[in-house]
Participant: 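What follows is a single structure, and I will ask about it in a moment.
Given the structure is predicted, the values throughout are model-derived calculations rather than measurements. Order of appearance sets the numbers: ligands from 1, and atoms from 1 within every ligand.
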Amino acid sequence: MNVHDKGHADAAAAELSLADKKSTLPVRSGTLGPDVIDVGKLYRDTGCFTYDPGFTSTANCSSRITYIDGDAGILLYRGYPIDQLAEHSSFLEVCYLLLHGELPTHDQYAAFNTTIMRHTMLHEQMTRFFTGFRRDAHPMAVMVGTVGALSSFYHDSTDINDPAQRAMASHRMLAKMPTIASMAYKYSIGQPFIYPRNDLDYTTNFLQMCFAIPCEPYVANPVLTRALDRIFILHADHEQNASTSTVRLAGSSGANPFACIAAGIACLWGPAHGGANEAALNMLAEIGSVERIPEFIAKAKDKNSGFRLMGFGHRVYKNYDPRAKVMQKTCHEVLDALGIHNDPLLKVAIELERIALQDEYFIEKKLYPNIDFYSGITLRALGFPVSMFTVLFAIARTVGWIAQWKEMIEDPEQRIGRPRQLYMGAPERNYVPINER
Ligand code: CMC
């Protein structure tokens, strides 16, 4: 196959010839990043599909929201570098940025804050959903169920063709996700649900819903609040990752937004995606001491062991994950603020990172710590049980899912997502009656 550059953006073409068939495939250029070969006409021209399990070379959409350069370790939300946003912005401001494309003015921010904070309460009848779950249910199971159930309560915001209803559904999900998450947590520990407080900021309100009890006031530690707010910023979007692609695919059929976000939560639950910080923390605990690190490094390098260093490696980042750098700093800030100076897991993590980064196996495969490597230690220090880690990720990623869903609905190129396959099963054969088999 040849790619002919005709000298200006979107004017190049790739020629593909296959036996006597030819296809001229347009090459499209984005603002940043690799060009894409538009294979939309390939089947019509050649009778062939493309084959790319895991979508390693496939762009499924065009997007203006998030840009990643995995080789350079760059992550931009609407063009702004993640480290600048983590340093100077707040999660709610980042939500506005992701949804609307620009940073808000003072007035826009105040109006957005009011809108979100006025939608934090859940329909009271929804509390009964929580009590229907077994006490030992994983909070992600509760999240999948209850977020999906939102569509049965808010009928006035499920018409995806009405922009006002789309906005209402978006605001409701952003506002209610922390309430749902904290209720899942409170239920699991047998404490009463704590109602939202709209005079607090988004993240402080979430912390009070998790950690306040009716008999004592909750006093937020600003360092810890800021740390969680930053963790939310770091997780807010990550272009076409597995859960976001799930949300887009679910949404492409016209499903309502609450159902689509529930699908995203289900996908996020897996250990190769959102569940990795839980797995990374469990791994650090299993390693237990610095002396045992070489044994685990050897296991990670042994293909037959089935063991991987959790919190290491990334499909896109083949360089240090830019979020991991901010996460590492945040981890130290949280432990300092709490006076934890000798956390054994942090010791193991720092040493494991040091050894792995010098090891030929990890260097050659470009395996660097990802965001999940330090986030588990930080979230545990903030007081969250391991089972809540992925739930916190879901709160943060909700805005990314919504922004991407909204972009897809408004994209004139969007059609129902319907991948094809390479069929390897039995060829056509005749039915054999059961007594003749
Ligand atoms: N430990 C040891 N070896 C690894 C690891 C690891 N963590 N990650 C990848 N490899 C090896 C893998 O065995 C393979 O070797 P070979 O080429 O010899 O077969 C090579 O590196 C490439 O791995 P891959 O599975 O083809 O890469 P991928 O892009 O499909 O997977 C990944 C990316 C994140 C699933 C994988 O690196 C992994 O399982 N990491 C551990 C789980 C983890 O930390 N996940 C969090 C991802 S970041 C959070 C998020 O964005 O959701």
Participant: Kindly indicate whether the side chain of Phe384, heavy atoms from C-beta on, has any atom under 4.5 Å from the side chain of Leu207.
Facilitator: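 Yes, at least one pair of side-chain atoms sits under 4.5 Å.
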Participant: Strictly inside 4.0 angstrom of atom 26 (O) of ligand 1, do you find any protein heavy atom?
Facilitator: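 Within 4.0 Å of atom 26 (O) of ligand 1, no protein heavy atoms are found.
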Participant: Can you tell me if CG on Asp343 sees more than 12 non-hydrogen neighbours from other groups inside 6.0 Å?
Facilitator: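 Correct, the count exceeds 12.
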Participant: Quick check: are there more than 12 heavy atoms from other residues, nucleotides or ligands sitting under 6.0 Å from OH of Tyr51?
Facilitator: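 It does not: Tyr51 OH has 12 such atoms or fewer within range.
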Participant: Checking a contact table here: which protein heavy atom is nearest atom 18 (O) of ligand 1, and how many Å away?
Facilitator: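 Ranking protein heavy atoms by distance from atom 18 (O) of ligand 1, first comes Lys365 NZ, 2.8 Å.
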Participant: To the nearest 0.5 Å, what is the distance between CZ on Arg292 and CD on Glu295?
Facilitator: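 So the gap between those two atoms works out to 4.5 Å.
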Participant: From the options His273, Lys303, Lys301, Lys299, select the one whose nearest heavy atom is closest to atom 19 (O) of ligand 1.
Facilitator: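 That would be Lys303.
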Participant: Could you identify the single nearest non-hydrogen protein atom to atom 45 (N) of ligand 1 and state the distance to 0.1 Å?
Facilitator: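 Atom 45 (N) of ligand 1 sits closest to the protein heavy atom Ala276 CB, 3.4 Å.
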Participant: Would you mind listing which atoms of ligand 1 come within a distance below 4.0 Å of any non-hydrogen atom of Ala300?
Facilitator: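 Counting atoms of ligand 1 from 1, those under 4.0 Å from Ala300 are 2 (C).
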Participant: Report the member of Cys267, Gly54, Gly311 with the shortest heavy-atom distance to atom 44 (O) of ligand 1.
Facilitator: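 It is Gly311 whose heavy atom sits nearest to atom 44 (O) of ligand 1.
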Participant: Suppose I only count heavy atoms of Tyr361 and a 4.0 Å limit; which atoms of ligand 1 are within that range?
Facilitator: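 That gives atoms 2 (C), 3 (N), 4 (C), 11 (C), 13 (O) of ligand 1.
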Participant: Quick one: nearest non-hydrogen protein atom to atom 28 (P) of ligand 1, plus distance?
Facilitator: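 In this structure, atom 28 (P) of ligand 1 has Arg315 NE, 3.6 Å as its nearest protein heavy atom.
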Participant: Measure from atom 4 (C) of ligand 1 to every heavy atom in Leu367, Asn370, Leu309, Ile297 and give the option owning the shortest one.
Facilitator: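 Looking at heavy atoms only, Leu367 sits closest to atom 4 (C) of ligand 1.
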Participant: Report the nearest protein non-hydrogen atom to atom 40 (N) of ligand 1: residue, atom name, distance rounded to 0.1 Å.
Facilitator: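 Closest protein heavy atom to atom 40 (N) of ligand 1: Phe312 O, 2.9 Å.
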Participant: Do the side-chain N and O atoms of Asp52 and Thr56 include a donor-acceptor pair separated by under 3.5 angstrom?
Facilitator: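 Yes, because at least one side-chain N or O of Asp52 sits under 3.5 Å from a partner of the opposite role on Thr56.
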Participant: Using a 3.5 Å cut-off on N or O atoms only, is Phe362 in polar contact with ligand 1?
Facilitator: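 There is no such contact.
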Participant: Could you go step by step and tell me if His341 and His332 meet the ring-ring contact (aromatic ring centres under 6.0 Å, His included) rule?
Facilitator: CA-CA 9 Å; His341 300 300; His332 285 289; over 10 Å; no
Participant: Give me the nearest non-hydrogen protein atom to atom 48 (S) of ligand 1 as residue plus atom name, then the distance to 0.1 Å.
Facilitator: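 The answer is His314 CD2, 3.3 Å.
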Participant: By number and element, which atoms of ligand 1 are closer than 4.0 Å to a non-hydrogen atom of Asp372?
Facilitator: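 Taking each heavy atom of Asp372 in turn, ligand 1 has 46 (C), 48 (S), 49 (C) under 4.0 Å.
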Participant: Give the residue and atom name of whichever protein heavy atom lies nearest to atom 32 (C) of ligand 1, and the separation in Å to one decimal.
Facilitator: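 The closest heavy atom on the protein side is Arg308 NH1, 4.3 Å.
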Participant: Short N/O distance, under 3.5 Å, between Met310 and ligand 1?
Facilitator: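 No, there is no polar N/O contact under 3.5 Å.
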Participant: Counting C-beta onward and ignoring hydrogens, is there a side-chain heavy-atom pair between Phe55 and Ser245 closer than 4.5 Å?
Facilitator: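 No, their side chains stay 4.5 Å or more apart.
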Participant: How about OH on Tyr218, more than 12 heavy atoms from neighbouring residues, nucleotides or ligands closer than 6.0 Å, or not?
Facilitator: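 Counting other residues, nucleotides and ligands, OH of Tyr218 exceeds 12 neighbours.
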Participant: Mind checking whether Phe91 and Tyr202 have ring centres under 6.0 Å apart?
Facilitator: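 Yes, ring centres under 6.0 Å apart.
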Participant: Suppose we measure from atom 34 (C) of ligand 1 to each protein heavy atom; which comes out shortest, and what is that distance?
Facilitator: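 Checked against all protein heavy atoms, atom 34 (C) of ligand 1 sits closest to Gly313 O, 3.7 Å.
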Participant: If we ignore angles and hydrogens, is there a donor and acceptor under 3.5 Å between the side chains of Gln404 and Gln240?
Facilitator: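 Yes, a side-chain donor-acceptor pair sits under 3.5 Å.
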